[in-house]
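Okay, so here's the structure we're looking at.
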There are 2 protein chains.
Amino acid sequence: MVYSSYENDYVNADDQKKGNAAMVSMKNIADRCHVSVATVSKALNNHSDVGEETRLRIKQIADEMGYHPNAAARALKTHRSYNIGILLRDDAHSGLTHEYFSEVLDGLKVEAEQKGYDITFINSHNNKMTYYEHCKYRNLDGAVIACAEFEDPEVIELVNRSLPTVTIDYIFNSCTSVSSDNVKGMRELVLYILNKGHKKIAFIHGESKSEVTKERLASFHRTLAEFNVEVPDEYVRASEYLNATKAEKLTKELMELKEPPTCIIYPDDLSYSGGINAVRNMGMLVPQDVSMAGYDGIKLSQIFNPKLTTVKQNSKEIGKLAAQQLISAIESPKTTFVQRIMVEGELLPGETIRDLN
Amino acid sequence: MVYSSYENDYVNADDQKKGNAAMVSMKNIADRCHVSVATVSKALNNHSDVGEETRLRIKQIADEMGYHPNAAARALKTHRSYNIGILLRDDAHSGLTHEYFSEVLDGLKVEAEQKGYDITFINSHNNKMTYYEHCKYRNLDGAVIACAEFEDPEVIELVNRSLPTVTIDYIFNSCTSVSSDNVKGMRELVLYILNKGHKKIAFIHGESKSEVTKERLASFHRTLAEFNVEVPDEYVRASEYLNATKAEKLTKELMELKEPPTCIIYPDDLSYSGGINAVRNMGMLVPQDVSMAGYDGIKLSQIFNPKLTTVKQNSKEIGKLAAQQLISAIESPKTTFVQRIMVEGELLPGETIRDLN
DNA sequence: AAAATATACGAAAACGTTTACGTAAAAACG
DNA sequence: CGTTTTTACGTAAACGTTTTCGTATATTTT
């Protein structure tokens with residue numbers, strides 16, 4: 001069969017571009033089956049009080065007629081929408097356009113759809129509603145807070161209300177969280193670098209207020225302290241996530257120190273790209289003159305030349321687990337409890353760390 | 001005021017984590033205002049047959065009580081959901097995890113939200129519904145088809161039904177499209193390369209069946225023909241979008257030809273990264289030994305060293321226009337017609353094209 | 001002042017479901 | 001065979017809106 005968009009031969013005549021496609025309702029099925037709508041409803045929802053043969057007949061006719069329930073009517077009656085919200089605020093440098101969150105969203109989407117849920121973006125509707133009000137307005141069954149200002153009163157309201165919520169990379173006491181294990185990730189990275197003989201390790205990190213940054217910073221310091229490696233204050237610099245320009249500038253500063261580091265860790269792979277530009281512009285090479293490591297494990301990191309040493313975050317898994325947790329909380333609230341889920345990343349050893357041994 | 005997630009002091013006592021948050025309805029407002037729900041509805045929707053002072057009173061009380069309409073109830077009655085669907089199939093290598101589509105989605109989201117619409121992902125619900133049925137099921141007001149198999153019968157059904165739709169980077173005769181101007185983009189790129197004195201220009205392109213590929217290929221050939229530049233068959237190679245490995249392999253093949261090209265154009269910036277690896281592994285440099293150009297203008301392309309010559313697609317604008325067109329089609333169907341909208345990209349001259357003059 | 005019109009509101013049906021409850025007929029029981 | 005229980009279905013209310021139509025009061029017109 002050939003489908004031609006010009007002849008419209010795929011679409012049957014009674015539902016052309018103009019005609020209002022009236023969806024088939026339970027009433028229609030009821031009429032054709034000579035039963036009441038109640039029976040149709042119960043048959044389709046597999047209630048016990050409907051005869052076996054009628055149930056089958058109704059289901060078959062419903063199939064034949066191409067019946068699908070009306071989500072609005074169902075939601076109105078049951079207060080369940082099979083729709084979950086995702087909060088992904090995309091000002092500044094993060095959110096949708098960040099490969100990490102894109103993949104989290106993708107993992108979330110796949111898992112949710114597989115379980116029969118749809119995904120709708122949450123926003124504040126031009127500040128006419130809070131996030132929570134928006135969820136109620138849309139009858140959302142739950143919400144995933146993927147990327148947001150977690151100190152925002154609106155966000156705090158959202159997690160504290162009765163709506164099931166799951167946060168990503170941030171912990172509230174009242175709701176389940178799924179986080180990338182930044183402590184372990186950073187520790188493994190530092191161990192790897194130490195193992196290569198480095199003692200002068202700098203860390204250009206992301207926004208200080210971010211929970212992710214705090215974890216990585218703490219893990220960085222703790223791991224180095226464990227091995228009695230000193231880290232001068234000037235080796236730790238605050239930058240911003242995904243700000244290559246700032247990373248470049250800070251890298252230059254680091255390399256101009258009297259005692260420059262032998263290795264620099266970046267907040268993310270994109271910042272690393274700014275960093276390597278800085279040293280190249282100074283006539284130096286990575287890893288010959290200075291070693292470098294990224295974080296995230298974006299696709300390009302493994303195509304870079306030299307191949308980047310980085311920690312790949314398991315972002316799709318994070319999204320998937322968030323969906324599972326949320327749906328579990330929605331469907332069996334009594335047996336689902338607040339959890340702290342950590343998803344380990346994977347150290348990808350590349351060619352940007354020189355072996356000093 | 002300090003918000004503490006531990007003390008829950010932001011949430012008032014009658015709506016703690018356990019309590020079912022009963023939203024305030026028109027009935028509640030009606031009671032408090034001593035009017036009927038009909039009057040409340042009409043007041044809030046600015047109908048003419050309600051007194052000025054009562055309208056004001058009702059609106060104020062509604063505000064005080066924190067009223068927001070129930071989207072499901074409204075959709076059920078009006079068949080309008082103020083919700084639009086986006087089809088973004090993410091198998092293989094495209095969709096959400098592609099920076100281009102992420103940005104299109106972001107542009108779409110911002111514009112739609114600003115006009116009071118929400119965005120929900122469309123899928124086929126485990127193949128239990130077609131895309132169109134899914135839209136009806138959710139009472140979506142319209143749909144944007146951003147990334148999909150456009151030959152898929154389900155997609156064809158979707159655009160041919162009565163639901164307003166807008167496609168991105170693909171043209172159906174029955175619905176408005178917003179496309180990146182690949183013809184012009186490729187032409188400008190080729191002109192730039194020609195201007196630098198190149199005569200032996202190769203093109204590693206994306207999936208042949210893709211409309212985007214066809215346009216770029218046609219523009220590539222036409223522009224070169226216009227300047228009487230021959231292009232041997234072996235200079236045009238089919239790869240896949242975002243497949244760096246394949247691009248790397250094809251680049252190696254090109255450079256091993258008896259008469260290798262002096263410039264290679266890639267399907268996207270990521271493929272370029274594979275390409276530059278190939279020539280570096282062969283001991284050659286870009287642009288000294290061979291010139292290269294990408295397509296897309298991802299963030300990293302401007303951080304690459306050497307800076308990549310590429311065509312930046314105006315992806316956010318594409319998303320924004322798609323939203324505008326769709327909403328216009330939804331809100332004033334009589335005065336909105338099928339359009340072909342082209343969004344121009346921008347040539348970003350980098351350092352990867354050697355000047356042969 | 002009577003009649004016509006305008007204004008402001010309410011009653012009730014409708015949208016498509018779900019579900020509590022009622023009730024026949026059939027089955028099981030004594 | 002009468003009584004209870006089970007089975008299979010229907011009735012009707014409800015979810016929260018919107019909208020048509022009706023109507024009482026106020027206003028304007030003759």
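Just so it is clear: chains get the letters A, B, ... in the order the sequence lines come, proteins before strands, and each one is counted from 1.
The salt bridge (charged side-chain N to carboxylate O under 4.0 Å, His left out) check on A:Lys59 picks up nothing, with sequence neighbours excluded. Among residues two or more places apart in sequence or in another chain, the ring pair (Phe, Tyr, Trp, His ring centres under 6.0 Å) test is passed with A:His68 by none. For A:Glu331, there are no salt bridge (charged side-chain N to carboxylate O under 4.0 Å, His left out) partners at least two apart in sequence or on another chain. A:Ser102 is linked by a side-chain hydrogen bond (donor to acceptor under 3.5 Å, both in side chains) to B:Ser102, counting only residues two or more places apart in sequence or in another chain.
A:Leu326 has its side chain within reach of A:Ile330: a pair of non-hydrogen atoms, C-beta onward, lies under 4.5 Å apart. Between A:Leu158 and A:Cys135, the closest side-chain pair of non-hydrogen atoms falls below 4.5 Å. Side-chain atoms of A:Cys33 and A:Arg57, non-hydrogen and from C-beta on, do get closer than 4.5 Å to each other. The closest side-chain heavy-atom distance from A:Leu87 to A:Val144 is not below 4.5 Å. Residues A:Ile145 and A:Ile86 are not in side-chain contact: their nearest non-hydrogen atoms beyond the backbone lie 4.5 Å or more apart.
Under a 3.5 Å cut-off, the side chain of B:Thr336 and the backbone N or O of B:Pro333 do not form any donor-acceptor pair.
Side-chain atoms of A:Tyr131 and A:Arg161 form no donor-acceptor pair, as typed in the model, at a separation below 3.5 Å.
Partner of B:Glu111 under the side-chain hydrogen bond (donor to acceptor under 3.5 Å, both in side chains) criterion, out of B:Gln324, B:Lys320, B:Lys316: B:Gln324 alone.
For the salt bridge (charged side-chain N to carboxylate O under 4.0 Å, His left out) condition, the pairs that include at least one residue of residues 117-131 of chain A, sequence neighbours left out, are A:Asp118-B:Arg138.
Within residues 31-46 of chain A, the residues approaching DNA chain C are A:Ala38, A:Ser41, A:Lys42, A:Asn45, by heavy-atom distance under 4.0 Å. Using a 4.0 Å cutoff on non-hydrogen atoms, the parts of residues 53-85 of chain B near DNA chain C are B:Thr54, B:Leu76, B:Lys77, ordered by number. Listed by residue number, the members of residues 118-129 of chain B with any heavy atom below 4.0 angstrom from DNA chain D form an empty set. A heavy-atom distance below 4.0 Å to DNA chain D is reached by none of the residues of residues 328-336 of chain A.
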When the side chains of residues 71-85 of chain A are checked against the rest of the protein, which donor-acceptor pairs come out under 3.5 Å, sequence neighbours left out?
from: A:Thr78; atom 1: OG1; to: A:Arg74; atom 2: O; distance (Å): 2.7
from: A:Thr78; atom 1: OG1; to: A:Arg80; atom 2: N; distance (Å): 3.2
from: A:Thr78; atom 1: OG1; to: A:Arg80; atom 2: O; distance (Å): 3.4
from: A:Arg80; atom 1: NH1; to: A:Asp141; atom 2: OD2; distance (Å): 2.6
from: A:Arg80; atom 1: NH2; to: A:Tyr82; atom 2: OH; distance (Å): 3.3
from: A:Arg80; atom 1: NH2; to: A:Tyr117; atom 2: OH; distance (Å): 3.2
from: A:Ser81; atom 1: OG; to: A:Asn83; atom 2: N; distance (Å): 3.3
from: A:Ser81; atom 1: OG; to: A:Asn83; atom 2: O; distance (Å): 3.4
from: A:Ser81; atom 1: OG; to: A:Asn139; atom 2: O; distance (Å): 2.5
from: A:Ser81; atom 1: OG; to: A:Asp141; atom 2: OD1; distance (Å): 3.4
from: A:Asn83; atom 1: OD1; to: A:Thr120; atom 2: OG1; distance (Å): 3.1
from: A:Asn83; atom 1: ND2; to: A:Thr120; atom 2: OG1; distance (Å): 3.1

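In this structure, B:His134 and B:His125 have perpendicular ring planes: the angle between them is above 60°, well past the 30° mark.
B:Arg55 has a carboxylate O that lies under 4.0 Å from a charged side-chain N of B:Glu52, or vice versa, which qualifies the two as a salt bridge.
Centroid-to-centroid, the aromatic rings of A:Phe121 and B:Phe121 come within less than 6.0 Å.
Where DNA chain D meets chain A (any atom under 4.0 Å from a heavy atom), the bounding nucleotides read 5' to 3' are D:dA8 to D:dG16.
Atom NZ in B:Lys27 sits about 15 Å away from atom C1' in C:dA12, given to the nearest Å. The separation between A:Asp49 atom CG and C:dA25 atom P is 18 Å, rounded to whole Å.
Helix-axis bend for the helix from C:dA1-D:dT30 to C:dG30-D:dC1: the local axis fitted to the five terminal pairs at one end deviates from that at the other end by 50°, rounded to 10°.
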